[in-house]
A.B. asks: 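Please see the structure below; I have some questions.
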Amino acid sequence: MTKQFKRTTVTAALIYANGPIHIGHIAGCYLPADIYVRYLRSMGHDVKFVSGTDEHGVPITIKAKKEGITPQEVVDKYYKIIKDSFEEFGISFDIYSRTSNKVHHETSQEMFKNLYDKGQFVEEVTEQYFDEKAQTFLADRYIIGTCPKCSNENAYGDQCEKCGSTLSPTELINPRSALSGEKPVMKPTKNWYLPLDKMQPALEEYIASHPEWKTNVLGQVKSWLNDGLRPRAMTRDLDWGVKVPLPDTDGKVLYVWFDAPIGYISMTKELTDEWQKYWQDPETRLVNFIGKDNIVFHCLIFPAMCMADGRFILADNVPANEFMNLEGDKISTSRNWAVWLHEYLREFEGKQDVLRYALAASAPETKDSDFTWGDFQTRNNSELVGILGNFVNRAFVLTQKNFDSKIPARGELTDFDRQTLDTLAELPNKIGDAIANYKFREALALVMDVARLGNKYLADTEPWKVIKNDVERTGTILNIGLQIAATLSIVSEPFMPFTAAKLSTGLGLSGLNWSDAGNADLLTAGSPIESIGLLFDKIEDTTVQAQIQKLQDAKKMNELAGKEVSAIKDTIQYDDFAKMDLRIGTIEAAEKVAKSKKLLKLTVNDGLKQRTILSGIAEHFSPEDVIGKQVTFLANLAPRPMMGMVSEGMILMAEDKDGSLAFLHPSKDVWSGASIN
RNA sequence: CGCAGGAUGGAGCAGUAGGUAGCUCGUUGGGCUCAUAACCCAAAGGUCGCAGGUUCGAGUCCUGCUCCUGCUACCA
């Protein structure tokens, strides 16, 4: 922090190009990075802001297969959506590129080759599961099998979600491929590993030299270091990605997390011929904005790569944010629980700054935060409209009415005027310091304090009263009010660039930068102001409710779409079937089982006697619904004690897509006890 | 299991080297009327997750515990 740098390279996480972007991405890294960069630019610093899409890796090939298109078509589609929405949202990248570009392939291959030639890799041949039908090696996550610990039949190769234990694919009983359902075979494969274990001391030293990093970042890193780093494969068996630049390596590509961070470098290459200045000069400060899931890659693996390579500078800071939730639930692309940026831009035209404000104000800087539409509305209505918009509007309207839309001259100052101007002069530095220290929420609150200062100044000086008998004094008051607005147009720019631009247009200002903020003479008396209308509009309850409804609909749709018809079980013999005694019975009585959420106690007449069957259907049916119904049940199932009672059989139910249950009735009433063959 | 982060008035968050608990929004009351029923002032509201300990004194240090999140596909 104390070191003086000549220039700054700012990167924002490379987003994976298999879906559009949502508010979590923005709040997590793109908006903070943009605020930071805009501030540095306003300070006159030399800064390059680089980001793009990460277009390699297994999930993209899966997505392509699912949609029946090529991986390239997948990434082309999302690259465009993502790039366009960022641009419209005012994220001011100097370049937004992609890792499928030629220059990126060359750059990462060159770096790989350099590490290889320097002997930095360890070659190792391991046995891995291979899917013969899909002709591909399987990532741990794409192997499904029975958990050795809890016998869950759908455990993943890396973890069983039922019992939570961490697994390795070879531990699974009856492994099968998630792609084809086939049983995978073990096949030897050679890969190149980066020996992180040997590099740990150097990495520890690097981390130790940055005690100023955010606690969540250091904590995460420490967690990895405590565990002890292990060698990590930098190549994968896959045909989608950057080819390994060595002989006889067909079907092998660079590990996405090897090539992705190099993307920052290759994108800078595309941007400028002077790219080396931004990546190799120790007087350049490198700042990587990311979300917390990326911490290990940016704080350990990428630095390790750079150290091994020897040519590149290491990050001076990695200000990672935590995660943002949505209406109390985790944002999820696959569950469609998200506010998509491209949709927001369509539905809230011209309101980029409202979302920028709401996200910056509740960004997950120190811990996970929650975005709610209610909060969005409040922030807009009571802060942007009520405080900022209102102040500007008051100052403008008063000037229009009383001074013919010309900036009035400033006469003699009162103590209160001076006090106000002093406060005004201090705020820009405070805001700048907060931004420089990655405290964007605090910085934004201080920006609002500028508007609050203006509101209070007008309320205390009451120009609408003074005008009745002292025009000159009124002029002084409004001059000061407008000067406050002028500073506001500068300090709000990193956060709300669209609003800031409108405001400077209205005031007839241009070309100002951060050092001008706080100055009380930005506006010259006599120059005109231009009507800019209202900076912000109120957002109505109905608008907000529509968004919430949309989310809920999406959730429902997704639940329905998420179900797939399960595969047919293994073949059985007739004898196996004949063992089951399936019968029709009539439910004669039903009651809820006390203290149980799911169980219903059913009294079923099977033609011979009444039997008690406990069935887990209470969440779907009430006792009145089922009395008198004929149902299919398994009559010779071994009795099973539950909740202090014994269940003598099992009612057969069909589960519908949405999780609701249906009974199996005979198509006409039959006698109780009818057997089923 | 372990490691890491978090748990502070109704909501969202600050609390820097331990010394009477702050901010924004919301609520209530009052004032003002230039302004998008916006603005200004004031008040109410917290035993700082739980239980111990160190200290003259702890939200802040130590120990144990509980809950949430991450480390684990999609994903910032």
Side-chain angles (χ1 to χ4, degrees), chain A residues 12-16 18-19 21-33 58-59 62-63 139-142 156-161 164-167 178 214-227 289-296 320-325 330-335 338 361-372 374-375 378-379 381-383 385-387 389-402 439 441-442 444-445 448-449 452 454-460 462-467 474 478 481 533-538:
Chain A
L14 300 187
I15 196 173
Y16 205 55
N18 71 340
I21 52 167
H22 55 65
I23 54 169
H25 299 122
I26 300 164
C29 88
Y30 301 99
L31 183 57
V58 183
I62 308 269
K63 177 127 193 159
D140 293 357
R141 195 72 194 184
Y142 294 104
Y156 294 102
D158 53 353
Q159 189 208 27
C160 171
E161 294 199 329
S165 49
T166 309
L167 304 172
K214 290 170 65 169
T215 44
N216 59 331
V217 175
L218 288 175
Q220 194 72 232
V221 170
K222 257 186 250 155
S223 160
W224 279 77
L225 292 175
N226 284 347
D227 253 14
F289 283 86
I290 53 170
K292 69 173 161 185
D293 55 337
N294 269 307
I295 289 174
V296 59
N321 270 354
E322 299 285 300
F323 279 176
M324 176 172 257
N325 294 322
K330 220 170 124 167
I331 294 181
S332 163
T333 303
S334 49
R335 290 198 346 265
S362 56
E365 281 179 17
T366 54
K367 61 181 171 195
D368 290 359
S369 65
D370 194 26
F371 177 91
T372 64
D375 178 68
T378 303
R379 293 221 116 100
N381 292 358
S382 61
E383 297 180 26
V385 173
I387 297 168
N390 190 239
F391 162 63
V392 171
N393 192 37
R394 301 169 80 177
F396 271 67
V397 169
L398 284 165
T399 307
Q400 281 156 7
K401 276 191 193 162
N402 301 312
K439 294 181 176 173
R441 277 194 315 225
E442 185 185 318
L444 183 54
M448 292 307 283
D449 281 347
R452 287 193 183 92
N455 271 323
K456 186 164 161 49
Y457 179 74
L458 292 183
D460 290 346
E462 301 182 306
W464 52 91
K465 277 187 190 163
V466 178
I467 189 70
T474 312
L478 288 179
L534 299 169
L535 290 177
F536 300 99
D537 298 308
K538 291 213 126 200

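Here is how names work: the chains are called A, B, and so on, in the same order as the sequence lines, proteins then strands, and each is numbered from 1.
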A.B. asks: Give the rounded distance in Å between these two atoms: CG of A:N402 and P of B:U33.
C.D. replies: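 Taking atom P of B:U33 as the reference, CG of A:N402 is at 15 Å.
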A.B. asks: Can you tell me which nucleotide in B:C74, B:C25, B:U33 comes closest to the side chain of A:W464?
C.D. replies: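 Ranking B:C74, B:C25, B:U33 by closest atom to the A:W464 side chain puts B:U33 first.
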A.B. asks: Roughly how far, to the nearest 0.5 Å, is CG of A:L458 from CG of A:L478?
C.D. replies: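 Here the rounded value is 7.0 Å.
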A.B. asks: Within this structure, what is the CG-to-P distance between A:L478 and B:A35, rounded to whole angstrom?
C.D. replies: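 After rounding, the reported distance stands at 13 Å.
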A.B. asks: Contact class for A:M448 vs. all strands (heavy atom < 4.0 Å): base, sugar-phosphate, or nothing?
C.D. replies: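 A:M448: no heavy atom of the nucleic acid under 4.0 Å.
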A.B. asks: Could you tell me whether A:Y16 contacts a base, only the sugar-phosphate backbone, or nothing, with contacts defined as non-hydrogen atoms closer than 4.0 Å?
C.D. replies: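 Touches sugar-phosphate only.
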A.B. asks: Nearest to the A:N393 side chain among B:A38, B:U36, B:C25, which nucleotide is it?
C.D. replies: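 Within the option list, the nearest is B:U36.
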A.B. asks: Which string of ( ) [ ] | and . matches RNA chain B, if you list each base 5' to 3' and count Watson-Crick or G-U pairs only when both distances are under 3.5 Å?
C.D. replies: .((((((..((((.....[..)))).(((((.......))))).....(((((..]....))))))))))).....
A.B. asks: What distance, rounded to whole Å, do you find between the two C1' atoms, one in B:A21 and one in B:U54?
C.D. replies: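 Straight-line distance between the two C1' atoms is 22 Å.
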A.B. asks: Expressed in whole Å, how much space separates the P atoms belonging to B:U47 and B:A11?
C.D. replies: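 Each nucleotide's P atom is 13 Å from the other's.
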A.B. asks: Closer than 4.0 Å, any side-chain N/O of A:N455 to the OP1 or OP2 of B:A38?
C.D. replies: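 No.
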A.B. asks: Once rounded to the nearest 0.5 Å, what's the spacing between atom CG of A:D449 and atom CG of A:L444?
C.D. replies: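 Taking CG in A:D449 and CG in A:L444, the distance rounds to 10.0 Å.
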A.B. asks: Expressed in whole Å, how much space separates the C1' atoms belonging to B:G9 and B:U27?
C.D. replies: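 Rounded to whole Å, the distance is 12 Å.
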A.B. asks: If we take the P atom in both B:U60 and B:G19, what is their distance in whole Å?
C.D. replies: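 My reading of the P atoms in B:U60 and B:G19 gives 11 Å.
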A.B. asks: Counting any heavy atom closer than 4.0 Å, what does A:G24 reach on the DNA or RNA strands: base, sugar-phosphate only, or nothing?
C.D. replies: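 Answer is base: heavy atoms of A:G24 come under 4.0 Å of a base.
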A.B. asks: Determine the interatomic distance between C1' on B:C65 and the same-named atom on B:C23; round to the nearest Å.
C.D. replies: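 Between the two C1' atoms, the distance is 32 Å.
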A.B. asks: Using OP1 and OP2 only, check whether a side-chain N or O of A:K292 sits under 4.0 Å from B:U69.
C.D. replies: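 No, no such contact exists.
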A.B. asks: Mind checking the C1' distance from B:G6 to B:C13? Whole angstroms is fine.
C.D. replies: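 After rounding to an integer number of Å, I get 13 Å for this pair.
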A.B. asks: Starting at NZ of A:K465 and ending at P of B:C34, how long is that distance when rounded to a whole Å?
C.D. replies: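 So the two atoms are 10 Å apart, to the nearest Å.
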A.B. asks: Show the nearest heavy-atom pair for residues A:A27 and A:M324, with the distance to one decimal.
C.D. replies: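 That would be CB-SD, 3.7 Å.
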A.B. asks: Treat primed atoms plus P, OP1 and OP2 as sugar-phosphate and everything else as base, then score nucleotides 4-15 of chain B 5' to 3': B for base contact with protein heavy atoms under 4.0 Å, S for sugar-phosphate contact only, - for none.
C.D. replies: SSSS-----SS-
A.B. asks: Give one of base, sugar-phosphate or nothing for A:I387, where a contact means two heavy atoms less than 4.0 Å apart.
C.D. replies: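 Sugar-phosphate, no base atom in range.
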A.B. asks: Expressed in whole Å, how much space separates the P atoms belonging to B:A37 and B:G26?
C.D. replies: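 Between the two P atoms, the distance is 15 Å.
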A.B. asks: Looking only at atom C1', what distance separates B:G10 and B:A17, rounded to whole Å?
C.D. replies: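 Rounded to whole Å, the distance is 34 Å.
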A.B. asks: OP1 or OP2 of B:A35 less than 4.0 angstrom from a side-chain nitrogen or oxygen of A:K401, does that happen here?
C.D. replies: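 Looking at the OP1 and OP2 atoms of B:A35, one of them is under 4.0 Å from a side-chain N or O of A:K401.
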A.B. asks: Going by side-chain hydrogen bond (donor to acceptor under 3.5 Å, both in side chains), name the residues that satisfy it together with A:Y16, two or more places apart in sequence or in a different chain.
C.D. replies: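 With sequence neighbours excluded, A:Y16 shows a side-chain hydrogen bond (donor to acceptor under 3.5 Å, both in side chains) to no residue whatsoever.
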A.B. asks: Mind calculating the distance between CZ (A:R452) and P (B:C23) to the nearest angstrom?
C.D. replies: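 Value for this atom pair: 12 Å.
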A.B. asks: Does A:K330 make a cation-pi contact with A:F323 (under 6.0 Å, within 45 degrees of the axis)?
C.D. replies: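 Not flagged: A:K330 not positioned over aromatic ring of A:F323.
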A.B. asks: So for atom NZ, which belongs to A:K63, do other residues, nucleotides or ligands contribute more than 12 heavy atoms lying within a distance under 6.0 Å?
C.D. replies: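 Yes, because the 6.0 Å sphere around NZ of A:K63 holds more than 12 heavy atoms from other groups.
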A.B. asks: For the side chain of A:W224, counting heavy atoms from C-beta on, which of B:A38, B:C71, B:C32 is nearest?
C.D. replies: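 That would be B:C71.
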A.B. asks: Roughly, in whole Å, what's the span from CG in A:N294 to P in B:C71?
C.D. replies: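 Distance, rounded to whole Å: 11 Å.
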A.B. asks: Taking the side chain of A:H25 as its heavy atoms from C-beta onward, which of B:A35, B:C75, B:G26 lies nearest to it?
C.D. replies: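 The answer is B:C75.
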A.B. asks: Tell me whether A:K367 is salt-bridged to A:E322, with the criterion being a basic N under 4.0 Å from an acidic carboxylate O.
C.D. replies: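 Looking at A:E322 together with A:K367, the answer is no, because their closest N to O distance does not fall below 4.0 Å.
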A.B. asks: Would you kindly give the NZ-to-P distance between A:K538 and B:A35, to the nearest whole Å?
C.D. replies: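 After rounding, the gap between these two atoms is 16 Å.
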A.B. asks: Whole angstrom is fine here: how far is it from CD1 in A:I295 over to P in B:C75?
C.D. replies: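 In whole Å, B:C75 P lies 17 Å from A:I295 CD1.
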A.B. asks: Which is true for A:I467 with a 4.0 Å heavy-atom rule: it touches a base, it touches only sugar-phosphate, or it touches nothing?
C.D. replies: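 A:I467: no heavy atom of the nucleic acid under 4.0 Å.
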A.B. asks: Want to settle it: does A:A459 or A:T378 sit nearer the 5' end of RNA chain B, counting the closest nucleotide to each?
C.D. replies: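 Closer to the 5' end of RNA chain B: A:T378.
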A.B. asks: Please classify the nucleic acid contact of A:V397 as base, sugar-phosphate, or nothing, using heavy-atom distances under 4.0 Å.
C.D. replies: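 The residue A:V397 makes sugar-phosphate contact but no base contact.
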A.B. asks: Which part of the nucleic acid, if any, lies within reach of A:L534 when heavy atoms closer than 4.0 Å are counted: base, sugar-phosphate only, or nothing?
C.D. replies: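 Counting heavy atoms under 4.0 Å across all strands, the contact made by A:L534 includes a base.
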A.B. asks: Rounded to the nearest 0.5 Å, how far does CG of A:N321 lie from CG of A:N216?
C.D. replies: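 It comes to 7.5 Å.
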A.B. asks: Mind checking if A:L535 touches a base, just sugar-phosphate, or nothing, with heavy atoms under 4.0 Å?
C.D. replies: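 It contacts base atoms.
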A.B. asks: Can you measure A:E462 atom CD to B:A35 atom P for me and round it to whole angstrom units?
C.D. replies: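 In whole Å, B:A35 P lies 14 Å from A:E462 CD.
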